[in-house]
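A short worksheet on the structure shown next.
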Amino acid sequence: MTLLVPLYVHPAEEPGLWHRLITDAAGTYGVVLNPADGPGTRPDPAFTAAAAALRAAGARLLGYVDTDYGARNRTQMVDEMRRHQEWYDADGCFLDRVTATPEGLGECRRLVRSLRRLGAATVVLNPGVHPAAGYVRLADLTVTFEGHWSTYVSAFTRPAWTARHPPERFCHLVYGVPEALIPLAVRTARERGAAVSGPVTGEPPNPWNKLTPALTGMER
């Protein structure tokens, strides 16, 4: 269970991808549900069905909530998580575009506490970089790298404080990985202290419209 899977494509557009994900769901750390840059304004029947199938297959479901680097209202974000729970039975939360600064830590702490009170059993923070050290203590998992494979290979560094936390608390999301190098990307994440990863071959503007080949038979 070492793969975090954001699949940002509608089930009706790519049913084959979702079927493969459901088939291999037990091999994931979690699946990020993102119907409309969040839960949307009403339940989406295709996502309702996909979420039910994923849950039946043993997947942890993480509702996508965009924090806009601390600019969004906390009440609004908590309400989005509530909709993820009510409509898709999400048992956790994927907080995207999380601020990484010491100044934003207090508000992030208050948001995570509100989500825990709501019943979010798993909270994933995605600043996409190494944040101030206190953020890691708030979450079950923190994404400390999100970016292109070329950057990951050439410019990745990590602060010394990360060694004080187990690798299971860190995730690296890398896109633009040549398919033949997906196993290497998984191994590299582990070597760099992240037990969870999500390497994909996709490129911007939406690299997460593809499944990681690591899910379907390559090294996990």
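Numbers here are sequence positions counted from 1.
- In this structure, D44 CG and H10 NE2 are separated by 3.5 Å, a value rounded to the nearest 0.5 Å.
- Cluster membership check: I22 shares its hydrophobic cluster with V5, using side-chain heavy-atom separations under 4.5 Å among Ile, Leu, Val, Met, Phe, Trp and Tyr.
- If you check the side chains of R60 and T122, you find a donor sitting under 3.5 Å from an acceptor.
- Scanning both residues, Q85 and A90, for their nearest heavy atoms gives CG-O, 3.5 Å.
- Across every non-hydrogen atom of L105 and Y135, the tightest pair is N-OH, 3.1 Å.
- Using the six-membered ring where Trp is involved, H165 and W161 have ring planes that are perpendicular, over 60° apart on the 30 and 60° scheme.
- Nearest heavy-atom pair across P199 and P213 is O-CD, 4.3 Å.
- Looking only at side-chain heavy atoms (C-beta outward), Q76 and D79 stay at 4.5 Å or farther from each other.
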### Task
Let me see the working for L215 and R20 under side chain to side chain contact (heavy atoms under 4.5 Å, CB included), right down to the final yes or no.
CA-CA 9 Å; L215 185 68; R20 284 167 51 200; over 6 Å; no
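- Contact record, L4 with P6: O-CD, 3.4 Å, taken as the closest heavy-atom pair.
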### Message
Run R110 and E107 through salt bridge (Lys or Arg N to Asp or Glu O under 4.0 Å) and show every step you take.
### Response
CA-CA 5 Å; R110 288 185 284 273; E107 180 55 32; 3.2 Å; yes
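- The aromatic rings of F170 and H130 are tilted relative to each other, their planes meeting at an angle between 30° and 60°.
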### Task
Could you please spell out the steps behind the side chain to side chain contact (heavy atoms under 4.5 Å, CB included) verdict for F156 and T151?
CA-CA 7 Å; F156 178 87; T151 304; over 6 Å; no
#### Entry: Intermediate values then yes/no, ring pair (Phe, Tyr, Trp, His ring centres under 6.0 Å), F47 and H84
CA-CA 11 Å; F47 270 94; H84 276 300; 9.3 Å; no
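- Inter-residue side-chain proximity for D37 and D66 is flagged as unmet; no heavy-atom pair is nearer than 4.5 Å.
- In this structure a side-chain-to-backbone donor-acceptor pair under 3.5 Å is missing from W208 to G202.
- Y64 and L111 are not part of a single hydrophobic cluster, where members link through side-chain heavy atoms under 4.5 Å apart.
- Note: the hydrophobic cluster containing V78 also contains V123 (ILVMFWY, side chain heavy atoms under 4.5 Å, direct or indirect links).
- Taken to the nearest 0.5 Å, the CG atom of L3 stands 10.5 Å off from the CG atom of L21.
- Between L125 and V112, some side-chain heavy-atom pair lies under the 4.5 Å cut-off.
- Between P39 and W87, some side-chain heavy-atom pair lies under the 4.5 Å cut-off.
- Between the side chain of R116 and the backbone N or O of A121, at least one donor-acceptor pair lies under 3.5 Å.
- Between atom CG of residue L95 and atom CE of residue M77 there is a gap of 7.5 Å, rounded to the nearest 0.5 Å.
- Between the side chain of R83 and the backbone N or O of G40, at least one donor-acceptor pair lies under 3.5 Å.
- In the hydrophobic cluster analysis, where Ile, Leu, Val, Met, Phe, Trp and Tyr join through side-chain heavy atoms closer than 4.5 angstrom, V65 is grouped apart from V32.
- For T99 and T101, the side-chain atoms include at least one donor-acceptor pair closer than 3.5 Å.
- Taking both residues in full, the closest heavy atoms of A120 and M81 are given as CB-CE, 4.3 Å, listed atom of the first, atom of the second, then distance.
- With rounding to the nearest 0.5 Å, the separation of CG in L211 from CG in D24 is 8.5 Å.
- Counting non-hydrogen atoms of other residues, nucleotides and ligands closer than 6.0 Å to NE2 of H19 gives a total of 12 or fewer.
- Looking at V124 and C171, their side chains never come closer than 4.5 Å, going by heavy atoms from C-beta outward.
- Side chain of D68 to backbone of G70: no donor-acceptor contact under 3.5 angstrom is found.
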### Task
Please report the C-alpha distance between K210 and E14 in whole Å, then the side-chain angles of each, then the deciding distance to 0.1 Å, and finally whether the side chain to side chain contact (heavy atoms under 4.5 Å, CB included) criterion is met.
CA-CA 9 Å; K210 300 179 183 297; E14 293 285 355; over 6 Å; no
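- Under the 30°/60° scheme for interplanar angles, the aromatic rings of H172 and F145 are found to stand perpendicular.
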### Message
Run T188 and Y152 through side chain to side chain contact (heavy atoms under 4.5 Å, CB included) and show every step you take.
### Response
CA-CA 9 Å; T188 301; Y152 192 55; 3.8 Å; yes
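- L181 is listed as a side-chain neighbour of W149, based on a closest heavy-atom distance under 4.5 Å.
- The same ILVMFWY cluster, assembled from side-chain heavy atoms under 4.5 Å apart, contains both L118 and V98.
- Salt bridge E80/R72: present, at least one basic N to carboxylate O contact under 4.0 Å.
- Looking at heavy atoms from C-beta onward, Y29 lies in side-chain contact with D140 at the 4.5 angstrom threshold.
- In this structure, CZ on F94 lies 9.0 Å from CG on L141, to the nearest 0.5 angstrom.
- Heavy atoms only, all atoms of each residue included: L62 and G30 are closest at CD1-CA, 4.3 Å.
- Although no hydrogens or angles enter the test, the distance criterion places a donor-acceptor pair under 3.5 Å between the side chain of T67 and the main chain of D96.
- Atom-to-atom distance recorded for T2:OG1 and E168:CD is 10.5 Å, nearest 0.5 angstrom.
- Side-chain contact between T162 and T144 is absent, with no heavy atoms from C-beta onward closer than 4.5 Å.
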